[in-house]
> 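Got a structure here, written out as structure tokens. Questions coming.
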Amino acid sequence: MTSSPQHPHAPHPPLDAPHIEIDGLASGYEGQRVLDVDRLSIRRGEFLSVLGPSGCGKTTLLNSLAGFVRPTEGRITIDGVDLTDVPTHRRGLGLVFQNYALFPHMTVADNVAYGLKVRRVERAERTERVTEALRLVGLEQYAARRPKQLSGGQQQRVAVARALATRPAVLLLDEPLSNLDAKLRREMRVELRELQQRLGITMVFVTHDQEEAMSLSDRIAVMNGGRLEQLGTPTEIYRTPATRFVAEFIGAANILDGTGAGAADGTTTLAVGAARLDSGLAGVRDGEAVTVAVRPERVAVLPAGGDGDGESGNGEAAFPGESVRRGSGIVGYRAFTGEAWQTQIVVAEGVAINARTAEEPPEVGASVVFGWAASDVIVLERAEKVI
Ligand SMILES: Nc1ncnc2c1ncn2[C@@H]1O[C@H](COP(=O)(O)OP(=O)(O)OP(=O)(O)O)[C@@H](O)[C@H]1O
């Protein structure tokens with residue numbers, strides 16, 4: 001009753017076919033529920049990252065898939081086969097964990113062969129598969145070395161080769177790059193992604209690093225407090241975060257909790273603390289509570305004055321593109337980070353807007369106007385408030 005493992009050189013299967021399905025899954029430890037996932041369908045050949053802060057249940061989800069943790073409710077299927085009573089080694093999975101240590105006394109080849117020996121794959125086939133797996137990760141010439149004679153990145157590739165040698169249909173990876181330095185991590189990301197695409201293998205990749213998830217994934221499952229907060233492509237998650245948590249966890253965001261306070265030029269003025277901002281939203285009723293987010297890189301900053309408020313009309317600086325003036329303030333802080341300028345604009349006491357711009361902003365203390373396009377406004381919550 002196992003799903004048939006996929007050969008590494010099999011042609012790419014259709015991307016949208018469901019491969020792994022999770023339904024009403026609850027898992028926990030010692031009677032305490034730490035995971036509660038209603039539904040998660042992972043497509044065949046997909047690179048899915050499971051992303052969330054420490055303790056949100058990522059590893060528990062992966063361990064439930066692997067069979068190390070037995071769910072208390074719900075079910076997981078691979079290719080329609082219910083895994084409830086299928087032991088780990090029959091699930092057609094490859095596993096690569098952060099601390100999935102290699103055996104130090106064995107050669108690289110023996111490490112890669114280990115899982116095959118356990119599965120009683122006969123010698124000739126074993127040799128062929130080890131060579132193939134080492135070739136896939138570019139380490140054929142290191143077969144006779146011992147792990148300590150390899151760099152951290154090479155050791156991690158051996159761990160990947162060991163997992164691939166069993167020709168799994170699904171590869172589960174739990175923070176596999178977190179022991180590597182930043183440069184190596186970036187290189188390994190590219191390698192992993194290429195390998196995954198070449199083999200057409202389904203990968204479930206656990207990370208707490210949003211940049212890693214964004215750069216690797218077909219889709220990201222964002223988790224919070226044991227629940228699935230949002231499932232979507234990197235662009236969907238970034239551009240249309242479903243919740244405040246997702247907006248704050250993925251990238252930076254100006255989150256404005258406001259209430260409708262009149263309208264001008266078709267867009268609603270929001271009272272945000274002591275500040276009044278032209279929100280860019282239409283039709284918010286007076287007193288209606290709304291929470292919106294605007295990404296700092298969508299905020300344009302111009303010096304106030306000259307033409308009055310930075311809008312064109314007399315040949316002076318105008319907001320770029322579709323941006324229009326939303327409010328004014330004083331530069332409270334600015335810093336050059338190498339790629340961009342970060343500017344904090346103090347709008348009123350306790351209310352600030354953060355901008356990230358390529359152009360140098362005015363000095364600290366200067367009066368500025370800021371703007372964004374109506375399409376840059378992300379509505380996170382909008383509830384009628386009785387007035
Ligand atoms: N073996 C265990 N026994 C009891 N509680 C556990 C066990 N493993 C994890 N937990 C708890 O379950 C919750 C989820 O843990 P899990 O390891 O799945 O989170 P995570 O998102 O992978 O975190 P991290 O990024 O820190 O690895 C946490 O509150 C954790 O303390």
Side-chain angles (χ1 to χ4, degrees), residues 20-42 46-76 78 83-84 87-89 91 93-101 152 155-156 159-160 163 170-182 184-186 188-189 192 202-232 234 237-238 241-251:
I20 305 171
E21 305 220 60
I22 292 172
D23 248 311
L25 187 74
S27 286
Y29 306 95
E30 292 136 24
Q32 204 187 350
R33 183 185 277 218
V34 301
L35 186 69
D36 208 337
V37 176
D38 267 358
R39 221 189 122 59
L40 174 60
S41 178
I42 302 171
E46 176 168 42
F47 196 118
L48 181 99
S49 288
V50 180
L51 176 69
S54 183
C56 73
K58 305 181 294 291
T59 297
T60 305
L61 175 63
L62 210 70
N63 284 343
S64 305
L65 281 167
F68 299 140
V69 166
R70 192 178 173 87
T72 46
E73 284 171 37
R75 61 177 210 146
I76 303 171
I78 293 187
L83 295 186
T84 308
T88 300
H89 67 280
R91 293 187 176 199
L93 305 170
L95 309 168
V96 183
F97 291 149
Q98 180 187 341
N99 298 315
Y100 210 64
Q155 289 184 30
Q156 200 55 321
V160 172
V170 178
L171 199 57
L172 304 180
L173 306 105
D174 193 353
E175 307 258 8
L177 309 181
S178 54
N179 286 337
L180 307 177
D181 67 47
L184 195 54
R185 250 180 115 114
R186 280 196 294 274
M188 289 291 293
R189 269 182 214 163
L192 258 186
T202 305
M203 284 202 192
V204 184
F205 183 93
V206 162
T207 181
H208 64 268
D209 180 332
Q210 47 139 320
E211 192 192 322
E212 195 156 275
M214 294 288 284
S215 59
L216 274 170
S217 318
D218 293 310
R219 288 190 303 166
I220 302 174
V222 184
M223 289 187 60
N224 180 27
R227 291 174 185 274
L228 186 58
E229 194 94 4
Q230 188 172 4
L231 175 67
I237 298 265
Y238 190 79
T243 63
R244 173 191 289 258
F245 173 83
V246 176
E248 286 181 317
F249 191 71
I250 316 275

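Just follow the structure's listing: the first ligand is 1, and inside any ligand the first atom is 1.
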> As an exercise, identify every atom of ligand 1 less than 4.0 angstrom from a heavy atom of P53.
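Matching atoms, with element in brackets: 21 (O).
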> I'd like to know if atom 31 (O) of ligand 1 has any protein heavy atom within a distance of less than 4.0 Å.
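No, no protein heavy atom sits under 4.0 Å from atom 31 (O) of ligand 1.
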> Only heavy atoms count here, so choose which of G52, G55, S178, C56 is nearest to atom 29 (O) of ligand 1.
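That would be G55.
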> Regarding S64 and S27, is there a side-chain donor-to-acceptor distance under 3.5 Å anywhere?
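There is such a pair (donor and acceptor under 3.5 Å, judged by atom type) between the side chains of S64 and S27.
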> Do you know which two heavy atoms are closest between L171 and L95, and how far apart they sit?
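Looking at all heavy atoms of both residues, the shortest contact is CD1-N, 4.2 Å.
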> Any protein heavy atom lying closer than 4.0 Å to atom 9 (C) of ligand 1?
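Looking at atom 9 (C) of ligand 1, one finds that a protein heavy atom does lie closer than 4.0 Å.
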> Does G57 come within less than 4.0 Å of ligand 1, judged by its heavy atoms?
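A heavy atom of G57 does come that close to ligand 1.
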> Counting only heavy atoms, which portion of K58 has something under 4.0 Å from ligand 1: side chain, backbone, both, or neither?
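Both backbone and side chain.
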> Less than 4.0 Å is my threshold; does some heavy atom of G28 fall inside it relative to ligand 1?
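Under 4.0 Å: no for G28.
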> Minimum heavy-atom separation for R219 to I42, with atom names?
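For R219 versus I42, the nearest heavy atoms are NH2-CA, 4.1 Å.
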> Should we count CD of E248 as having more than 12 external heavy atoms under 6.0 Å?
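Enclosed: over 12 neighbouring heavy atoms sit under 6.0 Å from CD of E248.
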> To check you understand the geometry: which heavy-atom pair defines the closest contact between L216 and R189, and what is its length?
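Scanning both residues completely, I find the closest heavy atoms to be CD2-O, 3.2 Å.
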> Find all atoms of ligand 1 within a distance of less than 4.0 Å from any non-hydrogen atom belonging to V34, and give their numbers and elements.
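That gives atoms 12 (O), 13 (C) of ligand 1.
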> Is there a side-chain contact between T243 and Q230 (heavy atoms, below 4.5 Å)?
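They are not in side-chain contact.
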> Can you sort out which atoms of ligand 1 are near T60, meaning under 4.0 Å from one of its heavy atoms?
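So the answer, numbered in order with elements, is 14 (C), 15 (O), 16 (P), 18 (O).
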> Please list the nearest protein heavy atom to atom 5 (N) of ligand 1 with its residue and the distance rounded to 0.1 Å.
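Heavy-atom neighbour on the protein nearest atom 5 (N) of ligand 1: Y29 CD1, 3.3 Å.
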> Is there a side-chain contact between I20 and I76 in this structure, where contact means two heavy atoms from C-beta onward sitting under 4.5 Å apart?
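I20 vs I76: side chains touch.
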> Could R39 and E21 be called an ion pair, given the rule that one side-chain N must be under 4.0 Å from one carboxylate O?
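Salt bridge present between R39 and E21.
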> For atom 26 (O) of ligand 1, which protein heavy atom lies nearest, and how many Å away is it?
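Residue, atom and distance for the closest contact: S54 OG, 2.6 Å.
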> Can you sort out which atoms of ligand 1 are near T59, meaning under 4.0 Å from one of its heavy atoms?
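Here the atoms of ligand 1 in question are 17 (O), 18 (O), 20 (P), 22 (O), 27 (O).
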